[in-house]
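Only one structure is covered here, and it is reproduced in the block below.
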Amino acid sequence: MIPFTPEWRAARVRQQQARKYVGVALVDPDSDDVEWLAKAAAAGDEDHARWELRYARMAIAVFVAERDALDDRTSSQVSAALSAALAADERIAADMRELAERQFADRRQGYREAFFATGGPAGAAEKLGRVLLSFASDGTRSAGTPLVRAAALLGGYVLEANAALRDAYGTASLPEHLPPSEVGAKR
């Protein structure tokens with residue numbers, strides 16, 4: 001008989017929350033956005049554009065979990081759930097899984113630098129937009145009209161991820177009379 005300890009139950013709940021959150025990160029991009037990116041940067045290749053938008057959404061979901069989660073374990077649970085989902089993703093041919101994993105790792109690194117970069121005149125959405133356009137094209141397109149839409153699109157992905165994180169994990173509620181650093185200390 002397996003003991004269903006409180007720790008086991010809590011871990012199971014966290015896994016379910018991570019899967020729920022990752023489900024939002026795996027939603028396919030809108031066809032209008034795919035068509036736009038294909039024309040703006042991917043030389044008309046809609047499949048390439050679709051995958052670049054998928055990779056961007058997944059990477060952003062991981063970074064939002066790292067930055068905004070209430071529990072330090074959340075980002076590692078999200079990463080594990082995302083890896084499991086990619087391994088089972090029917091949109092990826094079996095012989096292309098390794099390539100898809102490498103591509104996602106490359107994209108994730110590029111988006112990480114843009115997402116967490118501080119300083120400079122460009123905001124995070126603009127930096128993310130530049131990365132998207134770079135990966136979708138030959139690496140040279142990063143300014144002008146496509147950048148405005150890319151920044152707005154990926155800024156929207158950040159907002160979606162924030163809403164999904166709150167939906168899956170709840171909203172922080174801190175006592176008004178205590179600073180956040182003392183919440184755990186006053187138990």
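Starting from 1, each residue takes its place in the sequence as its number.
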Q) Hey, are the side chains of Arg107 and Met58 touching, using non-hydrogen atoms and a 4.5 Å cut-off? A) no
Q. Is there side-chain contact between Val158 and Leu128, with heavy atoms separated by less than 4.5 Å?
A. yes
Which heavy atom in [X] sits nearest to a heavy atom in [Y], and how many Å separate them?
X      : Y      : result
Ala61  : Tyr21  : O-OH, 2.7 Å
Leu86  : Ile92  : O-CD1, 3.9 Å
Ala81  : Val22  : CB-CG2, 3.8 Å
Ser79  : Arg108 : OG-NH2, 3.2 Å
Glu66  : Ser75  : CG-CB, 3.4 Å
Leu154 : Ile60  : O-CD1, 4.0 Å

Please tell me whether [X] and [Y] are part of a single hydrophobic cluster in this structure, the criterion being side-chain heavy atoms less than 4.5 Å apart.
X      : Y     : answer
Val24  : Val62 : no
Phe135 : Met96 : yes
Val27  : Val78 : no

Q | Set of ring pair (Phe, Tyr, Trp, His ring centres under 6.0 Å) partners for Phe115, sequence neighbours left out | A | Phe63
Q: Please list all pairs passing the side chain to side chain donor-acceptor pair (under 3.5 Å) test where one or both residues lie in residues 153-168, with sequence neighbours left out.
A: Lys20-Asp167, Arg57-Glu160, Asp68-Asn162
Measure the [atom1]-[atom2] distance between [X] and [Y] for me, rounded to the nearest 0.5 Å.
X     : Y      : atom1 : atom2 : answer
Asp45 : Ser137 : CG    : OG    : 12.5 Å
Lys39 : Glu35  : NZ    : CD    : 4.0 Å
Leu53 : Leu132 : CG    : CG    : 5.5 Å

Examine distances only and state if a side-chain atom of [X] and a backbone atom of [Y] form a donor-acceptor pair shorter than 3.5 Å.
X      : Y      : result
His48  : Ala136 : yes
Tyr169 : Thr74  : no
Ser134 : Arg130 : no

Q. Are there more than 12 heavy atoms of other residues, nucleotides or ligands under 6.0 Å from atom CG of Asp47?
A. yes
Applying side chain to side chain donor-acceptor pair (under 3.5 Å), name anything that partners [X], two or more places apart in sequence or on another chain.
X     : result
Gln15 : none
Asp30 : none
Gln77 : none

Taking salt bridge (charged side-chain N to carboxylate O under 4.0 Å, His left out) as the definition, give me every residue that meets it alongside [X], ordered by chain and number, with sequence neighbours left out.
X      : answer
Arg12  : none
Arg14  : none
Glu113 : none
Arg91  : Asp28, Asp89

Q | Step-by-step salt bridge (Lys or Arg N to Asp or Glu O under 4.0 Å) determination, Arg149 to Asp33 | A | CA-CA 9 Å; Arg149 180 152 179 193; Asp33 295 331; 2.9 Å; yes
Q) Does anything in residues 74-84 pair up under salt bridge (Lys or Arg N to Asp or Glu O under 4.0 Å), and if so which pairs, sequence neighbours excluded? A) none
If you look only at distance, which donor and acceptor atoms sit under 3.5 Å apart when one is on a side chain in residues 98-105 and the other is two or more places apart or in another chain?
from	atom 1	to	atom 2	distance (Å)
Glu98	OE2	Arg102	NH1	3.2
Gln103	OE1	Tyr55	OH	2.8

**Q.** With Ala124 via side-chain contact (heavy atoms from CB on, under 4.5 Å) - residues at least two apart
**A.** none
